Amino acid sequence: MNQRPIVLLGAEDDEHVDALVRELHARGESPKVIDPRRFPRELRVSMGADLADIRIGDSAGLVPRSVYVRSLYTDPAGYKTDVEQSMERDWRRTSLVLSERWNVLSALLLRWSALGVPLYNPAESAQVLTKPYQLALLQRAGLPVPNTLWTNDPDAVRRFCSEQAATIYKPVRGGAHTRRVEPRDLEPERLARLGASPVCFQELLPGRNLRVYVVDDRVACALCVESEALDFREAEPHVFAVDLAPEVERQCILATRCLGLRFTGMDLREDAQGRPMFLELNSSPMFLGFEQLANVNIGSVLCDALLRGAR
Ligand SMILES: Nc1ncnc2c1ncn2[C@@H]1O[C@H](COP(=O)(O)OP(=O)(O)O)[C@@H](O)[C@H]1O
Ligand SMILES: [Mg+2]
């Protein structure tokens, strides 16, 4: 029997970590939860120059069977990073601590990958996921992506918008809702605000929203997300499972592989001809809400993969 533990890297009070712990317990497994927020204050982590020389707490030579990575909690504004008070006390020191946390924990994940441990998801994929790069990789692989411009250049925005039937804008990374570009958004004073932050401009896709979960080269579930709002998160959506055309299923699996992911929830939206276009692939997608709304299983497919471990 394989005695190596399954590791879940995430906050102890995170709903997704908790759901996986419960499902794995129900299957007779005792996963080890490592909460990155406890490092470095409470959790002891040591590594030597040998790849497998890793000690976490009392476990020496810890090489798991598989790892689920919810988050490393190194983004001060990220979900559950929980550094608001220490930022207020001393932002410089707190930033340094987060950077040291990132350096040690991403090295840990990269070492596990190098030792053949399947990670959901590999640390290598983190950089690839920056959207101006991921969409370019998808397009180069022959996958359909919408006309897009990431920029802080007002002239480039005016040119781009004049070439689209309709345009939306949204943050480069995320954190705000998608909005339609209106004529007043193209006024000089408004575009001057690009000096504060670059923005993503994209052709407006008028069709259905799709959310597709892929685990290890298999579509775990495909959902249609109907909403009154342009950005489906703004209004209570109606979510239901759909069957993807074999060609679209193949594209979703190719996109996952192309970005080096093993587990993803991706957002697609159909164009005026009903062709699904890739908006983004997420490396740590939430799934509990969709499971409930559409009565589907995503966490259990992920648990199957974690239990299988290295092959
Ligand atoms: N080009 C677009 N046309 C129409 N709706 C869009 C477009 N881009 C995004 N949206 C809507 O906004 C949502 C969020 O956009 P997305 O690209 O997934 O960014 P994020 O989730 O990181 O904020 C999408 O799921 C979709 O409902
Ligand atoms: Mg999204």
Side-chain angles (χ1 to χ4, degrees), residues 16 70-71 75 77-79 121 125-139 143-151 156-157 160-182 185-186 197-214 220-240 242 244 248 251-252 255-256 258-259 261 263-291 293-294 298:
H16 288 79
R70 178 74 176 111
S71 172
D75 172 4
Y79 182 59
N121 277 300
S125 59
Q127 276 219 315
V128 171
L129 288 176
T130 171
K131 290 189 201 178
Y133 187 49
Q134 69 156 282
L135 284 200
L137 285 181
L138 298 181
Q139 174 160 316
L143 295 164
V145 303
N147 294 331
T148 310
L149 176 73
W150 296 269
T151 189
V157 174
F160 178 80
C161 292
S162 71
E163 291 159 2
Q164 317 302 318
T167 314
I168 61 91
Y169 66 99
K170 57 189 175 185
V172 175
R173 177 175 166 194
H177 288 140
T178 299
R179 298 265 176 263
R180 192 183 173 121
V181 175
E182 307 289 351
D185 293 316
L186 300 176
S197 174
V199 169
C200 171
F201 295 85
Q202 202 161 57
E203 70 173 299
L204 187 148
L205 300 167
R208 298 187 308 165
N209 284 294
L210 299 172
R211 164 54 73 113
V212 181
Y213 288 89
V214 172
C221 112
L223 305 168
C224 178
V225 184
E226 279 180 354
S227 165
E228 294 296 304
L230 174 64
D231 185 319
F232 72 69
R233 295 164 299 191
E234 276 186 284
E236 186 60 32
H238 176 221
V239 186
F240 50 95
V242 288
L244 295 178
V248 177
Q251 289 177 336
C252 291
T256 307
C258 179
L259 301 185
L261 297 169
F263 168 54
T264 183
M266 62 186 87
D267 291 319
L268 300 100
R269 189 156 194 167
E270 292 175 346
D271 68 7
Q273 285 73 44
R275 286 180 305 221
M277 314 283 274
F278 287 89
L279 293 179
E280 62 157 349
L281 276 69
N282 296 290
S283 65
S284 179
M286 302 210 186
F287 53 85
L288 295 172
F290 284 128
E291 280 188 337
L293 288 169
I298 300 159

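All values derive from a computational prediction rather than experimental measurement. Counting convention: from 1, in listed order, for ligands and their atoms alike.
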Would you say that more than 12 heavy atoms from the other residues, nucleotides or ligands in this model lie under 6.0 Å from the CD of Glu182, or not?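 Correct, the count exceeds 12.
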Any donor and acceptor pair, going by atom type alone, linking the side chain of [X] with main-chain N or O of [Y] inside 3.5 Å?
X	Y	value
Glu234	Leu230	no
Gln134	Leu281	yes
Ser284	Arg70	yes
Arg269	Gly207	yes
Gln139	Val145	no

Top protein contact for [atom], by heavy-atom distance:
atom	result
atom 2 (C) of ligand 1	Ile168 CG1, 3.6 Å
atom 14 (C) of ligand 1	Arg233 NH2, 3.3 Å
atom 18 (O) of ligand 1	Glu280 OE2, 2.9 Å
atom 5 (N) of ligand 1	Arg269 NH1, 3.0 Å
atom 26 (C) of ligand 1	Asn209 OD1, 3.4 Å
atom 22 (O) of ligand 1	Lys131 NZ, 2.7 Å
atom 15 (O) of ligand 1	Thr178 OG1, 3.7 Å
atom 17 (O) of ligand 1	Lys170 NZ, 2.7 Å

Picking from Thr264, Leu129, Asn121, what satisfies side-chain contact (heavy atoms from CB on, under 4.5 Å) with Leu259?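 Only one option passes, and that is Leu129.
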State the atoms of ligand 1, each with its element, that fall below the 4.0 Å cut-off from a heavy-atom position in [X].
X	answer
Leu204	3 (N)
Phe232	25 (O), 27 (O)
Asp267	18 (O)
Gln202	1 (N), 2 (C), 7 (C), 8 (N)
Arg173	22 (O)

Minimum side-chain heavy-atom gap [X]-[Y] below 4.5 Å:
X	Y	result
Asn282	Asp267	yes
Phe263	Ile298	yes
Leu205	Leu279	yes
Gln251	Phe278	yes

Below a 4.0 angstrom heavy-atom separation, can you tell me which part of Glu234, side chain or backbone, both or neither, approaches ligand 1?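 None of Glu234 does.
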Show the numbers, then the answer: is there a side chain to side chain contact (heavy atoms under 4.5 Å, CB included) between Asn147 and Glu163? CA-CA 10 Å; Asn147 294 331; Glu163 291 159 2; over 6 Å; no
Can Arg173 and Asp75 be counted as an ion pair, charged N to O under 4.0 angstrom?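 Salt bridge: yes.
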For ligand 1, is there an N or O atom under 3.5 Å from any N or O atom of Leu205?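 Checking ligand 1 against Leu205, an N or O pair does fall under 3.5 Å apart.
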Let's test this: below 2.8 Å, count the protein N/O/S atoms around the Mg ion (ligand 2).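 Counting protein N, O and S atoms closer than 2.8 Å to the Mg ion (ligand 2) gives 2.
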